Amino acid sequence: MSYSSKYRTHHCNELGSEHIGQNVRLSGWVNSSRNLGGLVFIDLRDREGITQLFIDPETSPQLAAKAREIREEWVLAVAGTVRPRPQEMVNSSRKTGAIELELSELEILNRAKAMPYHLEDPSSSEDLRLKYRYLDMRRSGLLENLKLRHKISKVIREVLDENGFIEVETPILSKSTPEGARDYLVPSRVHQGSFYALPQAPQQYKQLLMVGGVEKYFQFARCFRDEDLRADRQPEFTQVDLEMSFVEPEQVMDIVEQLLCAVVKNIKQINVPCPFPRLSWKEAMHKYGSDKPDLRFALELQDISGIFKHSQFKAFSAALEQGGLIKALKAEGQAQKCSRKVLDQFTETARLYGAKGLVWLKVEADMSLSGSAAKFISPEEQRELLEQLQARGGDLILIVADAWKTACESLGRVRLQLAEFAGLINQNEINFLWVQEFPLLDWDEESQRFVAVHHPFTSPLDEDLQLLQSKPAEVRAKAYDVVLNGVELGGGSIRIHRPELQAQMFKSLGISDQEAKLLFGHILEAFSYGAPPHGGLAIGLDRLVMLLAGAKSIREVIAFPKTTKASCLMSNSPSAVSPAQLEELGLSLETEEGLSDQILDTKSH
RNA sequence: GGGGUUGUAGCGCAAUUGGUUAGAGCAUCGCCCUGUCACGGCGAAGGCUGCGGGUUCGAGUCCCGUCAAUCCCGCCA
């Protein structure tokens, strides 16, 4: 790579002993400067690395005088001769540590104010780093994460290109639809009172591309959802979105496996086993209490309802009477390590996810049980319990008795917490799996109707079709999620391509023909002109990069992320707009705060 | 919408049961320094303790509210 320009002939991580004697030019930022009164050392930094500059006041008094005023993060262009450092002054921790550049020219390209915080201090607060994101990039690991993201994107593009996928962009100004997340709305000036919505996903467009005969589509799609945020959720995020025609789940899963294997191979030099293991949703819930189980460790949940059919323990009998069940988790050899305090934390977790409580039992050396509810468990039940769980002295048993979903999910969360506490998780492992056969519909108490678990275009499993009218809750979908280390990385489905079935689906969702026409008319019409069978999937790129970067939050892999209240600390968005702008859009604000904000706003048109 | 944590100098922190004038380090500014690499030495300046109430003779410290950041629940097809 040639860097030659008036600013530089090399970058700052390039020069070594082989360049000694050469005249070179470098540009970059002052990482630090050390003025010893006589000798002056400056560490010059660019994207690639750091080179030490050297000025001897005896040979270059003017340069030394100029260098005296130089401060951190000033921008310099320099020229000089590469020379070896004295033997004992070699800095072996730096690639360019064997040499230094003795300056003959020094140009100050730009000065810099004192930094608002110490750029290399990892403990500096995140809001400052967000406010000065452009400074954060200079020295924290952020730039490395952006490079990693670029590399991952490149591999994904290559694999999809090699497999005949065509990258197509779809509109950002899109149409609001019910179902799913809250939309970000964009008011229309030309059509006052009407709004675009920013896409939650390019779902409908990509299906229309299939109707259009594209057959294999992909896109790095920016998606927008106006919901409350988390460490792994931003209001706008990127999906690797893909869709294929004339396929069944197998073909979609196959290409995604190829894609993810290539990424991991390229980034981590690890060959992950392919194809990925597959679990049905029901199995995942039963065994691991999660629809995105972390399989880096075993710890399977067990159904122990059978043992307690005639239990005298009210917590157990009540759950069973109400049609629930009793699930247990056995932690080998953890009885000693788990103090009362730790067990209380587990209990709190179980409660947080809806369980009424958590029963813990310690298996003593003599195989007797001790713990919160041991006295309510008969000797016969104790014997059966130990036998079913194959428990040994020193084991810890955690039990939740509740409705099926609550019991599974709450104990599933305890399972994760326990694994972390007991150090069962190998942080270097990359563990992919598929979860399939999700339910198609879910009863929503709030709206008193069925809602689509995935989205309303998801096809039911062929063998469950006949249940759609009679037992909608039991219909499984041709949907699949790819899970990495307990994180939902992506999901997709085979879509409904026949208008009759789509109409039936809308009916199940309580969407009238009229509504369907109004909201989805264009896609229904498109399907009436010969839609091919099709399906696809979307991968959360931010989450993928986060996991491979070992980052704790997707903010660390996004150049300019927003806070948990969806504001940008750097640009101060969102912000008020001028009355003139509102007027053009035919909008007026209701709140007084809104009005006063407008008056404060200085933007003029 | 709900719960937890945090908020003291530009930055990261300290300040005893509520008790004099809120401290030292880094950064900044000034002076000194010829082999540093987080250079070092001497000195100076720097504060509405997030904001608003309250309790008290007295509040950085206790109470209530509020704002912001963050983590989680709900929510996120």
Side-chain angles (χ1 to χ4, degrees), chain A residues 31-45 50-59 64 68-69 71-73 85-94 96-97 100 102 113-132 135 139 177-183 200-201 203-204 223-235 237 348-349 351-354 409-410 413 417 438-442 444-446 450-458 477 479 488 491-493 505 509 511 538 540 552-553 555 562-567 569:
Chain A
N31 201 65
S32 66
S33 71
R34 296 173 292 280
N35 191 330
L36 274 57
L39 301 182
V40 180
F41 297 96
I42 297 170
D43 284 346
L44 193 70
R45 183 195 72 242
I50 291 175
T51 301
Q52 177 166 284
L53 313 178
F54 172 80
I55 298 167
D56 185 345
E58 284 191 4
T59 52
R68 277 187 78 85
E69 57 166 328
R71 294 291 178 272
E72 268 195 12
E73 299 302 317
R85 296 193 192 184
Q87 194 108 56
E88 60 278 18
M89 299 307 158
V90 166
N91 183 345
S92 56
S93 64
R94 203 173 269 173
T96 60
E100 59 197 9
E102 184 169 18
K113 289 203 292 189
M115 294 298 113
Y117 67 97
H118 193 247
L119 300 191
E120 257 162 315
D121 185 356
S123 63
S124 48
S125 72
E126 201 184 352
D127 35 332
L128 259 181
R129 293 178 50 207
L130 283 176
K131 183 172 179 187
Y132 298 100
L135 297 179
R139 299 213 213 168
T177 55
E179 306 285 313
R182 193 176 294 115
D183 284 321
Q200 297 172 27
Q203 185 59 37
Q204 294 182 39
C223 304
F224 305 85
R225 294 178 190 176
D226 187 5
E227 296 290 348
D228 289 343
L229 307 175
R230 292 284 192 285
D232 61 353
R233 271 193 241 158
Q234 281 276 300
F237 59 99
E348 204 177 311
T349 298
R351 288 219 172 98
L352 185 62
Y353 289 90
E409 284 180 347
S410 58
R413 292 291 179 157
Q417 200 178 4
F438 281 80
L440 183 71
L441 302 167
D442 191 25
D444 181 45
E445 284 295 336
E446 203 181 312
F450 280 103
V451 292
V453 168
H454 192 55
H455 59 58
F457 309 108
T458 302
E488 182 193 335
S493 63
M505 181 70 177
L509 293 170
I511 297 173
K552 284 202 165 60
S553 157
R555 290 188 297 272
K562 296 195 167 50
T563 69
T564 47
K565 285 225 171 66
S567 49
L569 297 179

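Treat the numbers as computed from the prediction; the structure is a model and nothing was measured. Naming: A, B, ... by sequence-line order, numbering from 1 per chain.
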[X] side chain near [N] phosphate (N/O to OP1/OP2, under 4.0 Å):
X: Arg34(A); N: C39(B); value: yes
X: Arg71(A); N: C29(B); value: yes
X: Ser567(A); N: A69(B); value: yes
X: Arg230(A); N: C73(B); value: yes
X: Ser125(A); N: G12(B); value: yes
X: Ser32(A); N: C37(B); value: no

Just the rounded figure in Å: distance from [atom2] of [N] to [atom1] of [X].
X: Phe224(A); N: C75(B); atom1: CZ; atom2: P; result: 24 Å
X: Lys131(A); N: C11(B); atom1: NZ; atom2: P; result: 9 Å
X: Asn35(A); N: C37(B); atom1: CG; atom2: C1'; result: 14 Å
X: Ile55(A); N: G35(B); atom1: CD1; atom2: C1'; result: 14 Å
X: Glu72(A); N: A38(B); atom1: CD; atom2: P; result: 12 Å
X: Glu348(A); N: G4(B); atom1: CD; atom2: C1'; result: 9 Å

With a 4.0 Å cut-off on N to O distance, would you call Glu72(A) and Arg139(A) a salt bridge?
yes

Is any side-chain N of the basic residue among Glu227(A) and Arg233(A) closer than 4.0 Å to the acidic one's carboxylate O?
no

Distance check, [atom1] atoms only: [N] and [M], in whole angstrom units.
N: A27(B); M: C71(B); atom1: P; answer: 31 Å
N: U21(B); M: U28(B); atom1: C1'; answer: 24 Å
N: C62(B); M: G18(B); atom1: C1'; answer: 8 Å
N: U16(B); M: G7(B); atom1: P; answer: 14 Å
N: A45(B); M: C31(B); atom1: C1'; answer: 15 Å
N: A59(B); M: A15(B); atom1: C1'; answer: 14 Å
N: U5(B); M: A44(B); atom1: P; answer: 41 Å
N: G10(B); M: C76(B); atom1: C1'; answer: 39 Å

With a 4.0 Å cut-off on heavy atoms, is [X] in touch with a base, just the backbone sugar-phosphate, or nothing at all?
X: Pro116(A); result: sugar-phosphate
X: Thr563(A); result: sugar-phosphate
X: Tyr353(A); result: sugar-phosphate
X: Arg555(A); result: sugar-phosphate
X: Leu128(A); result: sugar-phosphate

Which is more 5' along RNA chain B, the nucleotide nearest Glu227(A) or the one nearest Leu352(A)? Just name the residue.
Leu352(A)

Asp43(A) vs Tyr117(A), nearer the 5' end of RNA chain B by closest nucleotide
Tyr117(A)

OG1 on Thr458(A) to CD on Gln203(A), rounded to 0.5 Å:
7.0 Å

As an exercise, state the distance from CD of Glu102(A) to CD1 of Ile55(A), rounded to the nearest 0.5 Å.
9.5 Å

Backbone of Gln200(A) reached by a side-chain donor or acceptor of Arg225(A) within 3.5 Å:
yes

